[in-house]
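Have a look at the structure below, then the notes.
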Amino acid sequence: NQAVAQLGYKDVSSSYIFLQRVMGSIQTNAYKRSDLISQIAAEVGLAYELVEPQAEAAFKLARAEQGGRRDST
């Protein structure tokens, strides 16, 4: 019976689409973060690998100062 086959399909497909969007947003944010670190590294004339730990520490400190809130960047 098709009705039985369709049971739950809408919920699963909606969840899958939501998951795809969330994963896409995470990937976009990771790219933006990496790009920002690359720009900082280029500006100060250092390798990405040297700037990245300091930038991540600054990001962590900024989140702590905001009370743990996270923005889209």
Side-chain angles (χ1 to χ4, degrees):
N1 186 330
Q2 274 193 331
V4 173
Q6 293 294 324
L7 273 178
Y9 178 76
K10 188 180 245 184
D11 292 337
V12 171
S13 63
S14 293
S15 296
Y16 182 74
I17 290 168
F18 173 76
L19 180 60
Q20 283 184 309
R21 289 181 179 166
V22 169
M23 296 301 290
S25 294
I26 290 170
Q27 185 177 22
T28 298
N29 286 339
Y31 171 77
K32 287 179 180 179
R33 183 185 208 103
S34 180
D35 187 52
L36 176 60
I37 295 170
S38 292
Q39 290 175 18
I40 294 168
E43 191 171 309
V44 297
L46 295 173
Y48 180 96
E49 293 77 14
L50 295 174
V51 175
E52 191 264 344
Q54 295 176 14
E56 291 296 338
F59 295 152
K60 185 176 181 180
L61 179 62
R63 280 193 305 273
E65 288 176 357
Q66 290 181 358
R69 289 181 304 166
R70 291 183 179 229
D71 292 325
S72 61
T73 56

(message) Do Y31 and Q27 have side chains that approach each other closer than 4.5 Å (heavy atoms only, starting at C-beta)?
(response)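 A side-chain contact is absent here, since even the closest heavy-atom pair is not under 4.5 Å.
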In the single-linkage hydrophobic clustering (I, L, V, M, F, W, Y; side-chain heavy atoms under 4.5 Å), do [X] and [Y] co-cluster?
{"X": "M23", "Y": "I17", "answer": "no"}
{"X": "I40", "Y": "L50", "answer": "yes"}
{"X": "Y16", "Y": "V22", "answer": "no"}

(request) Verify the neighbour count for atom CD of Q54: are there more than 12 heavy atoms of other residues, nucleotides or ligands below 6.0 Å? (result)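 Result for CD/Q54: open.
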[atom1]-[atom2] distance between [X] and [Y], expressed to the nearest 0.5 angstrom:
{"X": "S34", "Y": "Q39", "atom1": "OG", "atom2": "CD", "value": "10.0 Å"}
{"X": "R33", "Y": "I37", "atom1": "CZ", "atom2": "CD1", "value": "6.5 Å"}
{"X": "E52", "Y": "L36", "atom1": "CD", "atom2": "CG", "value": "11.5 Å"}

